[in-house]
There are 2 protein chains.
Amino acid sequence: MQQTQNPHTTHLTIEEIEHRLRQHGYRLTGPRTVVVDAVLRHQRPFTAEQLVAELSSGDDSIGRATVYRTLEVLASMDVLTRIVSPDGHPSYISGAPGHRHHLLCQVCGITVTFTACPMSELISTLADETKFQINEHTLEVFGVCPSCQAHQ
Amino acid sequence: MQQTQNPHTTHLTIEEIEHRLRQHGYRLTGPRTVVVDAVLRHQRPFTAEQLVAELSSGDDSIGRATVYRTLEVLASMDVLTRIVSPDGHPSYISGAPGHRHHLLCQVCGITVTFTACPMSELISTLADETKFQINEHTLEVFGVCPSCQAHQ
DNA sequence: ATCGATATTGACACAAAGTATCACTAGTGA
DNA sequence: TCACTAGTGATACTTTGTGTCAATATCGAT
C-alpha cells in the first residue's frame with residue numbers, strides 16, 4: 001500500500017498549477033491565483049464556505065461565485081479532490097492528483113491518502129454480472145486518528 | 001457475491017416496520033405511517049424533497065419537517081439507506097438492512113444491491129499502519145445499466 | 001506597446017436542501 | 001378516560017450552491 005502521511009509530498013507548487021491552468025486554456029487572473037494560494041495553505045480538508053469566508057474580508061476580497069468556480073476548475077484538473085462524507089457535507093483536499101482515496105479523522109480532520117484501491121476486482125465482477133457500464137465509485141474511510149484517541 | 005436484482009426481495013412489510021418502530025420506542029402516528037407507506041412504494045432511489053412534494057399536496061398532507069424526521073428515523077433503524085452520490089446529492093433506497101452497497105444507474109436510477117465488500121482487508125491494513133480507530137466508510141458504484149446503454 | 005475579442009469577475013438575486021422554534025395535537029400507558 | 005409527553009406542522013431561518021449580467025482584465029495578434 002502506498003501512503004502519504006505528510007500531505008506536503010503530494011502538493012503541487014503554485015507554478016505547476018499555473019502551468020496546468022494555461023495548458024487547459026484557462027487565463028491566469030489575479031483572483032484565481034489568490035484562491036490557488038489559499039488552497040495551497042490548507043493541509044487539512046476545508047469546505048468551500050470556509051474559503052469564501054477567508055477570502056471575502058481580506059484586502060483583495062474574492063466573490064463567492066469566483067471561489068466556487070475556481071474550486072470546480074481545480075478539482076477538474078486534479079489539483080484538489082472533492083470528497084463527500086456520509087452525512088452529505090462535501091469538503092476539499094488539496095494535492096491529490098490521480099486515483100486516490102482518503103482516511104479522515106472525524107475529530108481533527110487530519111487525512112491519510114492511500115492509493116491502494118480494492119475496487120478493481122469487485123468492479124470487473126460487478127460489470128460481468130450486471131452488464132452495467134461502470135463509470136465511477138466513491139470510497140472514503142472515516143475514523144479517529146491516534147492523537148485524537150489519546151486526548152479523549 | 002450476493003445480489004438482489006429485484007428490490008422487492010429485501011423489502012420489509014409495513015407490519016414489520018411498525019413493529020420495529022415500537023421496539024425502538026417510537027409512537028405509531030398517522031403521518032409516520034403515511035410516510036412509511038410512501039417509502040415502501042418506491043423501488044428506486046428517491047430524494048427527501050421528492051417525498052416532500054408527493055406528500056405535501058395529498059388529502060393528508062405531511063409537513064416537510066416530518067418527512068425529514070421520519071426518513072432519519074427509518075435510516076437509523078436500517079429500514080432504508082441514505083446514499084450520497086459523488087456530486088453530493090443524497091438519496092434514499094428503501095429496504096436495505098445490514099451492510100450493503102449499491103450499484104446505481106446514473107440514467108434511470110435502477111439499483112443493484114450487493115453485499116460483497118472488499119473493504120475488510122483494506123480496513124485492517126489501514127488500521128494497522130495508521131493506528132486509526134476506523135468507524136465507517138462509503139462505497140458506492142455508479143454507471144449505466146444495460147437497458148439504458150441500449151437506448152442511447 | 002496597444003488593441004480588441006472574450007474569458008472572467010463580483011454583486012445580486014435566486015434556488016435547493018435541510019434545521020430550529022414553538023404552540024398545538026394525538027398516542028400511549030395507567 | 002386522563003394526563004403525560006412524543007410528535008406534528010406552519011413558519012422562519014440557515015447553509016450551500018447556482019444563474020445573470022454589466023463591468024473588467026487577460027492575452028494573442030498587430
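Nothing here was measured: the structure is a model prediction, and the numbers come from that model. Protein chains get the first letters and strands the later ones, always in sequence-line order, with residue 1 at the start of each.
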- Between B/Arg27 (CZ) and C/dG27 (P), how many Å, whole number? 9 Å
- Task: Respond yes when some side-chain nitrogen or oxygen of A/Arg32 is under 4.0 Å from OP1 or OP2 of C/dT9, and no when none is.
- Result: yes
- Query: A/Tyr68 has a side chain; which of C/dG18, D/dT18, C/dA26 sits nearest to it?
  - Reply: D/dT18
- Query: Between A/Thr66 and C/dG10, does any side-chain N or O lie under 4.0 Å from OP1 or OP2?
  - Reply: yes
- Query: Could you give the CG-to-P distance, from A/Leu51 to D/dT15, as a whole number of Å?
  - Reply: 17 Å
- Task: May I have the distance from A/Leu28 (atom CG) to C/dT8 (atom P), rounded to whole angstrom?
- Result: 11 Å
- Item | Nearest-angstrom distance from the residue atom CD of B/Glu18 to C1' of D/dG7 | 16 Å
- Task: Could you tell me whether B/Arg64 and B/Glu49 have a side-chain N and a carboxylate O separated by less than 4.0 Å?
- Result: yes
- Task: Take the protein atom OH of A/Tyr26 and the nucleotide atom P of D/dC27, then report the distance between them rounded to whole Å.
- Result: 15 Å
- Message: Taking only side-chain N and O atoms of A/Thr29, does any of them lie within less than 4.0 angstrom of OP1 or OP2 on C/dT9?
- Response: yes
- Query: Taking the side chain of B/Pro31 as its heavy atoms from C-beta onward, which of D/dT26, D/dG9, C/dG27 lies nearest to it?
  - Reply: D/dG9
- Task: Verify the neighbour count for atom CD of A/Gln133: are there more than 12 heavy atoms of other residues, nucleotides or ligands below 6.0 Å?
- Result: yes
- Report the distance from atom CD of A/Glu72 to atom C1' of C/dT9, rounded to the nearest whole Å. 15 Å
- Relative to the 5' end of DNA chain C, which residue comes earlier, B/Thr47 or A/Arg69, by the nucleotide with the nearest heavy atom? A/Arg69
- Select from A/Gly30 and B/Ala65 the residue whose nearest nucleotide in DNA chain D is closer to the 5' end of that strand. B/Ala65
- Query: Does B/Ile93 reach the side chain of B/Arg82, with side-chain heavy atoms less than 4.5 Å apart?
  - Reply: no
- Message: Here's a test for you: under side-chain contact (heavy atoms from CB on, under 4.5 Å), which of A/Thr70, A/Val67, A/Leu51 qualifies with A/Val39?
- Response: A/Leu51
- Task: Could you label the plane-to-plane angle of the B/Phe46 and B/His42 rings as parallel, tilted or perpendicular, counting under 30° as parallel and over 60° as perpendicular?
- Result: tilted
- Using whole Å, report how far NE2 of A/His24 lies from P of D/dC27. 16 Å
- What's the CD1-C1' distance between B/Ile62 and C/dG18, to the nearest Å? 18 Å
- Query: Do any side-chain nitrogens or oxygens of B/Arg64 fall under 4.0 Å of OP1 or OP2 in D/dT8?
  - Reply: no
- Query: When you match A/Gly25 and B/Arg22 each to their closest nucleotide on DNA chain C, which lands nearer the 5' end?
  - Reply: A/Gly25
